[in-house]
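Some notes on the structure that comes next.
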Amino acid sequence: MDFKEYIRVIPDFPEPGIRFKDITTLLKDGDVYREAIESIQKMVEDKEIDLIAGPEARGFVIGAPLALMMGKGFVPIRKSGKLPGNTVEADYGKEYGKDKLAIHRDSIQPGQKVLIADDLLATGGTIAATIEMIEQLGGVVVGAAFLIELGYLDGREKLKGVDVHSLVTY
Ligand SMILES: O=P(O)(O)OC[C@H]1O[C@H](OP(=O)(O)OP(=O)(O)O)[C@H](O)[C@@H]1O
Ligand SMILES: Nc1ncnc2[nH]cnc12
């Protein structure tokens, strides 16, 4: 399936110069959404995984159904100030602006193998911060899976040593 047909590109959102890849047009088609998650599962099914972690908000839309399908637990990584328990946090920059993510300290046990899932890899800032926090907790990142990769932003360069998989590339 050509998933790009279902992804809408909106110029100059959220700021001038950004070509925003809008996945809401893909998500609203149940068959295409399911096929996208199944295709992501196929890319990572040979991996030994204990948990899947995904960053708020669109990482939940990919990571949670993937976790359910693979019979694994899901660890939400949230924007700072949203998680009620004890957290570790990381500041980062992304394609548009800066942000801070947080993860519950007790969400990953040392040695657990974690697959990261998100909708889109752009500069890699979000995922580099995610990896930093998972590793701070003793987790082992076994890979990162995306629906979309913006190859022209070289996010993979920031994630050297990580097994990166993406369904479609721009
Ligand atoms: O590779 P990067 O340059 O870091 O950019 C990629 C991140 O940006 C978007 O999330 P955003 O922070 O906009 O949050 P949202 O999912 O809540 O819209 C996207 O869902 C990725 O997580
Ligand atoms: N160009 C883009 N489209 C959608 N989400 C993004 N996150 C970072 N860059 C993005």
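We count residues from 1, following the sequence as given. Start at 1 and go down the list; that is how both ligands and their atoms are numbered.
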Salt bridge present between Glu56 and Arg78 (N-O < 4.0 angstrom): yes

CD1 (Ile103) and CD1 (Ile108) are apart, to the nearest 0.5 Å, by 4.0 Å

Restricting to heavy atoms, the pick from Ile148, Thr123, Leu121, Leu153 nearest atom 2 (P) of ligand 1 would be Thr123

Nitrogen or oxygen atoms of Leu120 and ligand 1 under 3.5 Å apart: no

For the atom pair CG (Asp163) and NZ (Lys47), what is the distance rounded to the nearest 0.5 Å? 3.5 Å

Check residues 120-133 and write down every donor-acceptor pair under 3.5 Å in which the side-chain atom is one partner and the other belongs to a residue at least two apart or another chain.
unit_1 : atom_1 : unit_2 : atom_2 : d
Thr123 : OG1    : Gly125 : N      : 3.2
Thr130 : OG1    : Thr126 : O      : 2.8

Give me the nearest non-hydrogen protein atom to atom 14 (O) of ligand 1 as residue plus atom name, then the distance to 0.1 Å. Lys79 NZ, 3.1 Å

Among all protein heavy atoms in this structure, tell me which lies nearest to atom 20 (O) of ligand 1, with the distance rounded to 0.1 Å. Asp119 OD1, 2.6 Å

Check each of Lys94, Lys158, Glu149 against atom 11 (P) of ligand 1 and report the one with the nearest heavy atom. Lys94

Taking every heavy atom of Gly54 against every heavy atom of Phe74, the minimum-distance pair comes out as N-CE1, 3.6 Å

Is any N or O atom of Gly124, backbone or side chain, closer than 3.5 Å to an N or O atom of ligand 1? yes

Asp99 with Lys94: basic N within carboxylate O range, under 4.0 Å: yes

Does the plane of the ring in Phe13 sit parallel, tilted or perpendicular to the ring in Phe20? Use 30° and 60° as the thresholds. perpendicular

In this structure, atom 22 (O) of ligand 1 is nearest to the protein heavy atom Asp118 OD2, 2.5 Å

Once you restrict both partners to nitrogen or oxygen, which atoms of ligand 2 have a protein partner under 3.5 Å, and how far apart are they?
unit_1   : atom_1 : unit_2 : atom_2 : d
ligand 2 : 1 (N)  : Arg19  : O      : 3.1
ligand 2 : 1 (N)  : Glu95  : OE1    : 2.9
ligand 2 : 3 (N)  : Lys21  : N      : 2.9
ligand 2 : 5 (N)  : Arg58  : NH1    : 3.0
ligand 2 : 7 (N)  : Tyr96  : OH     : 3.1
ligand 2 : 9 (N)  : Glu95  : OE1    : 2.5

Using a 6.0 Å cut-off, check whether atom CD of Glu48 has over 12 heavy atoms from anything other than its own residue. no

Out of Glu95, Arg58, Lys21, indicate the one that has the non-hydrogen atom closest to atom 9 (C) of ligand 1. Arg58

Closest protein heavy atom to atom 4 (O) of ligand 1, given as residue, atom name and distance to 0.1 Å: Thr126 OG1, 2.6 Å

Does any part of the side chain of Val75, heavy atoms only, come nearer than 4.5 Å to the side chain of Ile52, both counted from C-beta? no

Working to the nearest 0.5 Å, report the span between CD of Glu149 and CG of Leu167. 11.5 Å

Min heavy-atom dist Asp99 to ligand 1 below 4.0 Å: no

Can Lys42 and Glu38 be counted as an ion pair, charged N to O under 4.0 angstrom? no

To the closest 0.5 Å, what do you measure between OG1 (Thr25) and OH (Tyr6)? 10.5 Å

Contact with ligand 1 for Gly155, non-hydrogen, under 4.0 angstrom: no

Near Ala57, which atoms of ligand 1 are under 4.0 Å from a heavy atom of that residue? 15 (P), 16 (O), 17 (O)

Does Ala122, backbone or side chain, put an N or O under 3.5 Å from an N or O of ligand 1? yes

Pair Arg19 + Asp12: basic N to acidic O under 4.0 Å: no

Students should be able to answer this: which protein heavy-atom is nearest to atom 8 (O) of ligand 1, and at what distance? Tyr96 OH, 4.0 Å

